[in-house]
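The structure appears below as structure tokens.
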Amino acid sequence: MTMTETPAQTRRLNTSKAMVEAIAQEMRANPEVFYLGEDVGAYGGIFSSTTGLLDEFGPSRIIDTPISETGFIGLAVGAATEGMRPIAELMFADFMGVCLDQIYNHMAKIHFESGGNVKVPMVLTTATGGGYSDGAQHSQCLWGMFAHLPGMKVVVPSMPADAKGLMAAAIRDDSPVVYMFHKGVMGLPWMAKNPRTTDVVPEGDYVVPIGKAAVAREGTDASIVTISLSVHHALDVAEKLAEEGLSIEVLDLRSLVPLDREAVLASVAKTGRLVVVDEDYHSFGMSGEVVASVADVDPGLFRAPPQRVAVPDIPIPYAHALEYAALPRHDRIEAAVRTVLG
Amino acid sequence: MTMTETPAQTRRLNTSKAMVEAIAQEMRANPEVFYLGEDVGAYGGIFSSTTGLLDEFGPSRIIDTPISETGFIGLAVGAATEGMRPIAELMFADFMGVCLDQIYNHMAKIHFESGGNVKVPMVLTTATGGGYSDGAQHSQCLWGMFAHLPGMKVVVPSMPADAKGLMAAAIRDDSPVVYMFHKGVMGLPWMAKNPRTTDVVPEGDYVVPIGKAAVAREGTDASIVTISLSVHHALDVAEKLAEEGLSIEVLDLRSLVPLDREAVLASVAKTGRLVVVDEDYHSFGMSGEVVASVADVDPGLFRAPPQRVAVPDIPIPYAHALEYAALPRHDRIEAAVRTVLG
Amino acid sequence: MTADVISSPATDALEAGVRRGLYDAMVLSRTYEEAILREYHADKGPGFDIGKGLVPGEMHLSAGQEPVAAGVCAHLTTDDAVTATHRPHHFAICHGMDLDKMTAEIFGRVDGLGRGRGGHMHLFDPATHFSCSGIIAEGYPPALGAAFAFQRRGTDRIAVAVTGEGAANQGAFHESLNLAALWKLPVVFVVEDNDWAISVARDDSTAIPNNADRAAAYGMPGERVEDNDVEAVYAAAGRAVARARAGDGPSLIEVHTLRLWGHFEGDAQGYRPELAEVPEHDPIPRYEAALREAGVLDDGGVSETKERASARVEAAIEFAKASPVPDPSTVLDYVFA
Amino acid sequence: MTADVISSPATDALEAGVRRGLYDAMVLSRTYEEAILREYHADKGPGFDIGKGLVPGEMHLSAGQEPVAAGVCAHLTTDDAVTATHRPHHFAICHGMDLDKMTAEIFGRVDGLGRGRGGHMHLFDPATHFSCSGIIAEGYPPALGAAFAFQRRGTDRIAVAVTGEGAANQGAFHESLNLAALWKLPVVFVVEDNDWAISVARDDSTAIPNNADRAAAYGMPGERVEDNDVEAVYAAAGRAVARARAGDGPSLIEVHTLRLWGHFEGDAQGYRPELAEVPEHDPIPRYEAALREAGVLDDGGVSETKERASARVEAAIEFAKASPVPDPSTVLDYVFA
Ligand SMILES: Cc1ncc(C[n+]2csc(CCOP(=O)(O)OP(=O)(O)O)c2C)c(N)n1
Ligand SMILES: Cc1ncc(C[n+]2csc(CCOP(=O)(O)OP(=O)(O)O)c2C)c(N)n1
Ligand SMILES: [Mg+2]
Ligand SMILES: [Mg+2]
């Protein structure tokens with residue numbers, strides 16, 4: 001067989017494979033890393049977060065659990081305090097209500113309560129988001145809530161390469177990291193997907209530092225600040241508006257904790273016009289925080305009132321027509337951009 | 001015994017007695033109302049939320065529970081769907097992590113998921129706040145988190161009369177209401193207290209509509225928008241600054257859901273200067289939402305960048321000196337007001 | 001006090017009418033699931049896109065588990081409450097839910113139980129005191145509340161709370177059983193042991209082989225029914241329901257049942273070693289044969305039952321399809337009462 | 001499989017050294033609590049202001065429950081992990097925590113285990129693998145993790161997880177026992193039954209009288225120790241610890257103990273009908289008398305133990321008081337590693 005020359009930088013993966021690649025590389029490098037959760041073994045993760053890992057690492061490191069989230073997330077906390085580096089999967093972020101105590105009162109606080117003497121180097125992975133009619137208990141993003149509670153980093157990749165690099169960073173981090181993957185960015189074969197869910201992903205060791213936003217598209221007329229699947233929508237809208245000669249910047253926050261407020265400010269300082277797009281609920285969450293981050297420093301930067309495109313404060317409805325009315329989709333994003341452009 | 005004439009409007013109660021009075025009146029009026037939680041019977045509630053109720057209503061309506069918050073809050077949800085009007089007490093808001101699923105995935109969503117066909121008329125009472133060195137798991141406010149999750153009203157009284165009137169409104173409401181009482185506003189004999197925790201409370205039927213802010217003090221130079229115990233501190237600061245001739249308005253939001261955005265706007269439209277004081281965590285919470293509420297409408301209203309005085313994004317520390325550095329106390333509020341005044 | 005752990009007893013032959021009723025209920029439920037299966041997959045292609053079609057989203061069907069719902073619900077009236085799970089159809093149907101409204105909800109239409117807001121995991125029906133939750137084991141606590149209300153009002157109404165065997169390792173299960181036993185609430189706890197929690201086998205999740213043994217931890221009777229036998233379920237449920245109605249408190253019944261299809265539609269079940277043999281354990285043909293043998297059913301009876309079921313189900317599907325899609329402008333409605 | 005529910009057996013007379021060790025541990029723990037009691041109340045006045053004084057905040061003392069900690073920890077080394085509750089001092093002390101650092105933490109000082117960030121409910125000590133949680137039953141799951149790490153590394157180290165009887169009705173209790181049994185984790189679950197969960201009597205919270213019976217729900221041995229007898233605890237814990245070290249999995253031990261004082265300081269205990277008789281059940285004088293009778297202790301031994309305890313405790317208090325208060329400018333430290 002003749003090798004065709006394939007430059008490493010053009011190898012393309014979907015987001016789930018990129019995420020799994022990082023987990024596998026870290027597991028090879030560090031025997032203390034293990035992954036536990038429901039259906040992460042033979043099934044490979046309901047949203048393909050662990051596909052193939054059982055084959056390589058076996059059931060002692062890729063561990064199917066009972067439906068006991070408090071039990072196994074707490075187990076991960078305890079194992080982390082003893083120096084292991086667990087990755088625990090909460091199948092849907094929506095289920096956090098059965099185990100939140102271990103997350104925010106234990107995982108996130110032990111390091112502080114111990115005055116820095118006890119580290120909790122673990123990753124909590126969880127699937128978020130809607131768009132496929134899974135109803136009010138299986139479609140939530142909830143990252144604003146996780147980000148409100150101190151002591152845990154909150155990482156929310158939108159692109160395959162970031163999914164890999166942020167996962168590697170999360171596993172190596174000595175602090176607890178919540179890694180939230182939107183089902184719609186994973187590139188799953190059984191779900192509608194944006195072409196951006198498959199992209200070039202660096203091979204080998206690849207780390208993206210946690211806490212730095214990425215300018216997904218540069219622009220000068222208005223800034224869309226967003227995260228996760230909404231980055232894909234925002235880029236679609238920016239591309240469409242470019243045809244009209246509008247130059248829209250898209251900032252992908254990539255993590256909510258730490259929040260890259262400087263990047264937000266830099267973008268708004270340039271454009272003077274802000275649209276925040278958030279698939280989480282509107283009030284008391286990310287969209288307000290981003291707006292306030294600018295106002296806190298200089299409300300005069302706003303050349304027009306900022307626009308927040310989020311899920312209104314309603315549970316996610318089941319019926320497709322209602323769900324799409326609630327989600328921050330292209331139409332609402334575009335309208336908001338046009339509004340800030342005046 | 002000779003009756004001395006006591007005008008009803010001068011009868012003074014502390015906040016806990018005012019709250020209990022409303023519960024008792026509603027229980028007398030409606031046999032479907034009952035109260036359940038830990039230590040709500042003979043003990044009378046750890047923070048005196050039920051003092052005396054067992055004597056009047058007996059153990060069939062004032063019910064001590066096992067330490068099974070998911071169990072008994074879920075029981076309240078089910079009883080409410082069958083037409084009863086339960087009041088369930090979560091002893092500290094900090095404990096929501098063991099039972100949040102019943103709260104936000106059930107209590108708050110059933111009405112919506114049922115297309116309005118099933119009502120969940122219940123009240124969830126819970127104690128919040130720090131200031132007495134109870135550490136990272138017993139001092140949190142967390143109202144921003146409750147308010148982020150749609151489907152439940154969130155009421156947070158600061159004053160005795162409101163504690164009564166909002167409790168009556170909460171019990172009569174056909175929607176689920178989370179009623180968050182700060183330990184520091186209750187007027188407990190065993191805790192430092194502001195003199196405002198005892199005040200005139202109307203006798204008889206008294207209802208304060210949920211969703212309307214109160215101007216706790218009128219002013220023209222700057223607006224402090226706040227809630228709960230911080231209202232007391234803000235008033236102290238406003239009184240102090242009045243001696244310097246500064247006119248500070250204090251707006252007591254009283255509820256976060258619904259949020260009285262009009263009242264915030266009206267105040268900032270008048271003063272042009274905003275300080276938000278929040279004993280909950282800084283980011284992704286109330287303080288950002290209030291700032292954004294103004295920016296969304298007109299960032300030009302801000303004559304100076306708004307100031308947010310909140311708990312920085314750290315767990316609440318135990319040591320008094322650290323805790324007081326983290327809490328939004330008088331010194332930080334005053335400094336923020338001086339900053340917005342320029 | 002130690003719980004009575006009763007092993008499933010041989011039942012005396014039931015009255016023919018009851019047996020026919022159990023059979024009819026199972027057939028109706030299966031017919032329904034087959035129709036939903038057909039409608040669900042009708043328009044997911046090309047390929048399989050879960051968000052597409054007239055019935056989008058996750059779909060957890062109950063084929064194979066009909067004996068549990070039929071056997072339990074035969075003892076209930078629509079004044080009794082049932083709280084079900086992410087896999088609720090068989091209980092909804094056997095408890096007497098209006099098929100039109102139920103189906104319209106599954107199709108996300110305005111005439112649905114939840115006006116299209118809920119979906120198939122969120123069927124709330126005040127008429128039959130039926131509710132469900134997609135969160136594992138979290139349907140148990142609300143059942144306590146219904147039972148509490150029934151008890152307080154001095155009625156003999158009861159609540160039935162259903163979960164799968166996977167749910168028996170969730171904290172809410174434990175809290176609910178303790179509270180119900182402590183307050184002698186009229187609840188029947190039902191565990192449907194279909195051997196699987198998605199891809200996790202019960203032996204890989206549960207430290208003991210029989211969840212009915214867990215009843216002893218709460219001082220309540222626990223009974224396990226083997227063989228997915230509808231009449232054994234009927235008998236066990238009869239005892240538990242009677243106990244609850246009499247004010248003697250809750251019971252736990254675990255039924256060893258069968259998940260005939262995947263966990264949800266789209267599940268290829270590659271993890272399931274016994275996959276090839278699953279169809280031969282279908283409880284409906286087995287019960288049909290037994291009733292034929294006993295002279296309760298003949299060809300005519302079977303086709304009568306099946307035709308009646310089919311007519312009811314297809315009418316419900318027609319009703320659902322004819323019902324309007326919700327108007328997006330109403331998206332903000334129904335948050336608060 | 002059904003759990004072995006063993007009722008507490010009569011123990012053969014223990015070696016004198018062990019008995020003296022148990023006595024000494026109990027006295028040290030009690031001496032500590034008496035000193036904290038004194039320091040806690042020293043400056044809360046006028047009246048009682050919980051936020052005031054050198055030791056502010058809630059204070060849950062363990063007086064009366066020393067037999068549990070002494071009996072269990074006698075089998076541990078500081079390589080073993082202990083996860084305790086809101087009432088942790090007796091376990092911390094008997095497990096060998098550095099008293100200076102522990103006390104400095106309780107006083108909120110920079111030389112404390114948590115540099116003053118934690119407080120008395122949050123004692124985290126890597127040197128003794130000790131941790132605690134103020135959330136009921138939520139200390140159990142992290143113990144599984146320590147045990148998991150110990151098991152994976154091929155050691156015979158174990159984890160001890162402690163809660164009160166009130167905690168045995170919390171979901172985390174159930175999930176933890178199932179997981180530990182399923183994965184044969186080296187854990188000893190300890191329930192301190194002091195009859196009360198704040199003001200709620202155990203009979204008003206728990207559907208069965210003996211939480212050790214709940215072990216059967218997880219296929220693990222369960223044993224209840226009556227009478228707050230330190231030697232019976234020692235014996236039961238010995239069996240459970242040996243089992244865990246041998247790789248045979250977890251056990252559950254419930255000890256019927258005594259809350260000698262209020263739930264927390266400031267608790268007037270008006271709800272407690274047996275309040276007047278409580279002091280006469282103090283386990284320390286009783287054990288002291290038994291050891292005197294057995295010739296293990298005499299006046300000299302008693303005063304030696306008490307003086308040593310007192311000296312250690314007072315030195316720790318001095319250490320704490322001499323340690324600086326944290327600088328408010330460091331308030332943002334230690335959020336992330
Ligand atoms: C708290 C929670 N964790 C996980 C899930 C995801 N989930 C949905 S169904 C299921 C398996 C349930 O198994 P079982 O209880 O046996 O019911 P079955 O599906 O077999 O009917 C899981 C893990 C969930 N819905 N809720
Ligand atoms: C989840 C949760 N609910 C309630 C509380 C409040 N609380 C603290 S101690 C306690 C009683 C605990 O009783 P028990 O488990 O018997 O322990 P004991 O105090 O008797 O040692 C309660 C209800 C809590 N800390 N956590
Ligand atoms: Mg199952
Ligand atoms: Mg107790």
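Below, read A as the first sequence line, B as the second, and so on, with proteins coming before strands; counting in each chain starts at 1.
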Exercise. Could you check which of D/Ser133, D/Gly134, D/Ala159, D/Ala147 has the highest count of heavy-atom pairs closer than 4.5 Å to chain A?
Key: D/Ser133

Exercise. Considering only heavy atoms and a distance below 4.5 Å, find which of D/Arg152, D/His129, D/Glu105, D/His174 pairs most often with chain A.
Key: D/Arg152

Self-check item: D/Lys101, NZ: over 12 other non-hydrogen atoms inside 6.0 angstrom
Solution: no

Exercise. Check whether more than 12 heavy atoms from other residues, nucleotides or ligands sit under 6.0 Å from atom NZ of A/Lys212, and answer yes or no.
Key: no

So which heavy atom on [X] is nearest to which on [Y], and how close?
X: D/Ala149; Y: A/Glu82; answer: CB-CB, 3.9 Å
X: A/Ser175; Y: D/Ala337; answer: OG-N, 2.7 Å
X: D/Pro141; Y: A/Gly71; answer: CB-O, 3.8 Å
X: D/Asp333; Y: A/Phe112; answer: O-CE1, 3.3 Å
X: D/Arg115; Y: A/Gly115; answer: NE-O, 2.7 Å

Which answer fits [X], side chain, backbone, both or neither, if we ask what part of it has an atom under 4.5 Å from a heavy atom of chain A?
X: D/Phe150; value: side chain
X: D/Ile135; value: side chain
X: D/Ala143; value: neither
X: D/Leu185; value: side chain
X: D/Asn178; value: side chain
X: D/Leu182; value: side chain

Quiz item: Quick one: does D/Glu175's side chain have a donor or acceptor within less than 3.5 Å of a partner on A/Thr70's backbone?
Solution: yes

Exercise. Measure from the side-chain N and O atoms of A/His111 to the backbone N and O of D/Tyr334, and report whether any donor-acceptor pair falls under 3.5 Å.
Key: yes

Relative to chain D, which segment of [X] carries a heavy atom at a distance below 4.5 Å: side chain, backbone, both, or neither?
X: A/Thr81; answer: neither
X: A/His106; answer: side chain
X: A/Phe72; answer: both
X: A/Glu32; answer: side chain

So, do [X] and [Y] sit near enough that their side-chain heavy atoms are less than 4.5 Å apart?
X: D/Arg117; Y: A/Lys109; result: no
X: D/Phe148; Y: A/Ile63; result: yes
X: D/Phe336; Y: A/Val177; result: no

Heavy-atom pairs under 4.5 Å with chain D - which of [options] has more of them than the others?
options: A/Asp173, A/Asn117, A/Val118; answer: A/Asn117
options: A/Val98, A/Ile110, A/Asp174, A/Ile67; answer: A/Ile110
options: A/Cys99, A/Pro31, A/Pro66; answer: A/Pro66
options: A/Gln102, A/Met152, A/Met84; answer: A/Gln102

